[in-house]
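A quick write-up on the structure given underneath.
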There are 2 protein chains.
Amino acid sequence: MVANKSKSVRRDIFQAIADPTRRAIIFLLAVGAMTPNAMAEHFNSSRQAVSKHLKVLVECEVVNQEQQGREIHYHLNSDKMKEIEKWLEQFKQLMESRFNQLDSVLDKLKNESK
Amino acid sequence: MVANKSKSVRRDIFQAIADPTRRAIIFLLAVGAMTPNAMAEHFNSSRQAVSKHLKVLVECEVVNQEQQGREIHYHLNSDKMKEIEKWLEQFKQLMESRFNQLDSVLDKLKNESK
DNA sequence: ATTTTGCGCAACCAAATAGTTGCGTATATA
DNA sequence: TATATACGCAACTATTTGGTTGCGCAAAAT
């Protein structure tokens with residue numbers, strides 16, 4: 001038995017989008033669900049390579065699988081994508097706080113020069 | 001002589017934010033410029049480890065260095081952060097196109113049922 | 001002038017990544 | 001029923017990552 005991967009390896013949205021092939025897969029799936037074979041045809045990458053990326057994306061909970069006969073349709077979990085926006089929002093708030101500090105410094109200077 | 005790193009290794013904003021320590025550094029620098037020592041004190045990570053992350057961030061053009069005596073002040077290049085937003089915008093547009101397709105399908109069904 | 005501090009860099013290491021080839025298996029098709 | 005197709009998985013590889021320790025050097029403090 002192998003140790004639980006989710007405990008040892010980083011599996012989050014930021015890891016998911018770190019690879020350009022995975023970003024391309026995400027863009028493809030944004031348009032609609034797809035099978036691994038269909039995806040592999042879109043960029044010059046082997047089916048197995050795509051399959052491995054899909055495994056990572058499943059582990060990161062960015063995509064879901066839907067079995068249909070011998071095909072597996074991969075769907076995008078767009079909720080997970082929102083975590084990027086959430087992080088960016090936090091970032092922007094920090095940036096604003098920085099400017100607010102700068103503003104207060106400028107205000108101070110203004111008052112002192114009175 | 002070693003091969004140019006920028007040619008072999010991926011150095012973009014997505015690589016920059018893939019690591020949690022680097023994301024923490026970005027948040028710190030969002031508030032204001034800082035030296036490596038000051039950053040290292042903020043999370044339990046050695047100065048050298050932080051230094052390595054900063055090197056990656058410089059290569060990804062997410063931060064700039066400003067030498068001041070023996071200290072180096074690291075500044076955030078917030079323009080680079082906009083590339084994430086840009087990518088998210090593209091993604092959202094694709095998602096909308098998906099829903100527009102769905103809408104047109106629904107419209108079609110509606111017309112057919114007339 | 002000597003010591004301390006701030007920093008980058010090289011060397012090393014274990015682990016993870018991204019890809020490949022070669023299976024096995026289940027579902028379709030002939 | 002025999003064959004083709006869709007897919008995941010294991011094993012192997014080269015490269016990258018993220019961390020460490022141990023320098024060396026220049027600037028600051030003593």
Side-chain angles (χ1 to χ4, degrees), chain A residues 1-26 28-29 33-60 62-75, chain B residues 1-26 28-29 33-60 62-75:
Chain A
M1 173 143 182
V2 177
N4 187 353
K5 190 160 202 172
S6 66
K7 294 245 170 95
S8 58
V9 185
R10 208 159 44 228
R11 287 296 180 242
D12 56 31
I13 184 64
F14 300 102
Q15 191 63 21
I17 65 170
D19 183 88
T21 303
R22 283 200 292 272
R23 287 199 298 277
I25 290 176
I26 288 173
L28 279 181
L29 296 186
M34 238 186 218
T35 66
N37 263 324
M39 292 182 224
E41 280 167 19
H42 272 269
F43 15 83
N44 19 5
S45 201
S46 73
R47 183 187 60 78
Q48 280 89 343
V50 170
S51 202
K52 272 190 125 187
H53 283 302
L54 286 170
K55 200 185 172 199
V56 173
L57 289 173
V58 166
E59 283 166 5
C60 293
V62 173
V63 305
N64 309 321
Q65 299 167 304
E66 180 205 1
Q67 189 99 31
Q68 272 187 26
R70 68 180 164 180
E71 293 182 343
I72 298 181
H73 293 254
Y74 283 84
H75 296 261
Chain B
M1 176 150 176
V2 176
N4 187 352
K5 189 161 202 173
S6 66
K7 294 245 170 92
S8 57
V9 185
R10 206 158 47 228
R11 285 299 180 243
D12 56 30
I13 184 64
F14 300 103
Q15 190 63 24
I17 65 170
D19 182 87
T21 303
R22 283 200 291 272
R23 287 199 298 278
I25 290 176
I26 288 172
L28 278 181
L29 296 187
M34 239 186 218
T35 66
N37 263 324
M39 293 182 223
E41 280 167 18
H42 272 268
F43 16 85
N44 19 6
S45 201
S46 72
R47 184 186 60 78
Q48 279 89 341
V50 170
S51 202
K52 272 191 125 185
H53 282 302
L54 285 170
K55 200 183 171 201
V56 173
L57 289 173
V58 166
E59 283 166 6
C60 293
V62 173
V63 304
N64 308 321
Q65 298 168 305
E66 179 205 0
Q67 189 99 32
Q68 270 186 27
R70 68 179 164 183
E71 293 184 342
I72 299 181
H73 293 253
Y74 283 85
H75 297 262

Exercise. Can you tell me the distance, in whole Å, between the CG atom of A/Leu57 and the C1' atom of C/dA18?
Key: 13 Å

Quiz item: Can you tell if the side chain of B/Tyr74 reaches within under 4.5 Å of the side chain of B/Thr35, non-hydrogen atoms only?
Solution: no

Practice problem: Check whether any side-chain heavy atom of A/Cys60 lies under 4.5 Å from a side-chain heavy atom of A/Ile13, and answer yes or no. | Solution: no

Quiz item: In residues 39-49 of chain B, which residues come under 4.0 Å of DNA chain C by heavy atom?
Solution: B/Arg47, B/Gln48

Exercise. Calculate the interatomic distance between A/Glu66 atom CD and D/dC7 atom C1'; express it in whole Å.
Key: 15 Å

Quiz item: Does B/Asn37 put a side-chain nitrogen or oxygen below 4.0 Å from OP1 or OP2 of C/dT5?
Solution: no

Quiz item: Tell me, which of residues 68-75 of chain A have any heavy atom that sits under 4.0 Å from an atom in DNA chain C?
Solution: A/Gly69, A/Arg70

Quiz item: With respect to the phosphate group of D/dG18, does any side-chain polar atom (N or O) of B/Arg22 fall under 4.0 Å of OP1 or OP2?
Solution: yes

Self-check item: Under-4.0 Å side-chain N/O to phosphate OP1/OP2 contact, A/Arg11 with C/dA16
Solution: no

Practice problem: Identify whether the distance between the nearest side-chain nitrogen and carboxylate oxygen of B/Asp19 and B/Lys52 falls below 4.0 Å. | Solution: no

Practice problem: Answer yes or no: does a side-chain N or O of B/Thr21 lie under 4.0 Å from OP1 or OP2 of D/dG18? | Solution: no

Exercise. Grab the two heavy atoms, one from B/Ser46 and one from B/Ala49, that are nearest each other, plus how far apart they are.
Key: OG-N, 3.0 Å

Quiz item: Sub-3.5 Å donor-acceptor pair from the side chain of B/Gln48 to the main-chain atoms of B/Val50, do we have one?
Solution: no

Self-check item: Flag for A/Glu66-A/Gln68: side-chain donor and acceptor within less than 3.5 Å
Solution: yes

Quiz item: Using a cut-off of less than 4.0 Å, is there contact between a side-chain N or O of A/Gln67 and OP1 or OP2 of C/dT27?
Solution: no

Practice problem: Hey, which sits more toward the 5' end of DNA chain C by its nearest nucleotide, B/Ala38 or A/Gln15? | Solution: B/Ala38

Quiz item: At under 4.0 Å, does any side-chain N or O of A/Ser51 touch on OP1 or OP2 of D/dG8?
Solution: yes

Exercise. Can you tell me the distance, in whole Å, between the CE atom of A/Met34 and the P atom of D/dC7?
Key: 12 Å

Practice problem: Would you indicate whether the side-chain heavy atoms of B/Lys55 and B/Leu57 approach each other to under 4.5 Å? | Solution: no

Exercise. Give the rounded distance in Å between these two atoms: CZ of B/Phe14 and P of D/dT16.
Key: 20 Å

Quiz item: Any side-chain heavy atom of B/Val63 sitting closer than 4.5 Å to one from B/His75?
Solution: no

Quiz item: Taking side chain as C-beta onward, heavy atoms only, is A/Met34 less than 4.5 Å from A/His42?
Solution: yes

Quiz item: Where the side chain of A/Arg22 meets the backbone of A/Ala16, is there a donor-acceptor pair that is under 3.5 Å apart?
Solution: yes

Quiz item: Within less than 4.0 Å of OP1 or OP2 of D/dT17, is there a side-chain N or O belonging to B/Arg10?
Solution: no

Quiz item: How many Å lie between CG on B/Leu54 and P on C/dG6, as a whole number?
Solution: 15 Å

Quiz item: Would you say a side-chain N or O of B/His53 is under 4.0 Å from OP1 or OP2 of D/dT17?
Solution: no

Quiz item: C/dG19 base to A/Lys52 side chain: any donor-acceptor pair below 3.5 Å?
Solution: yes

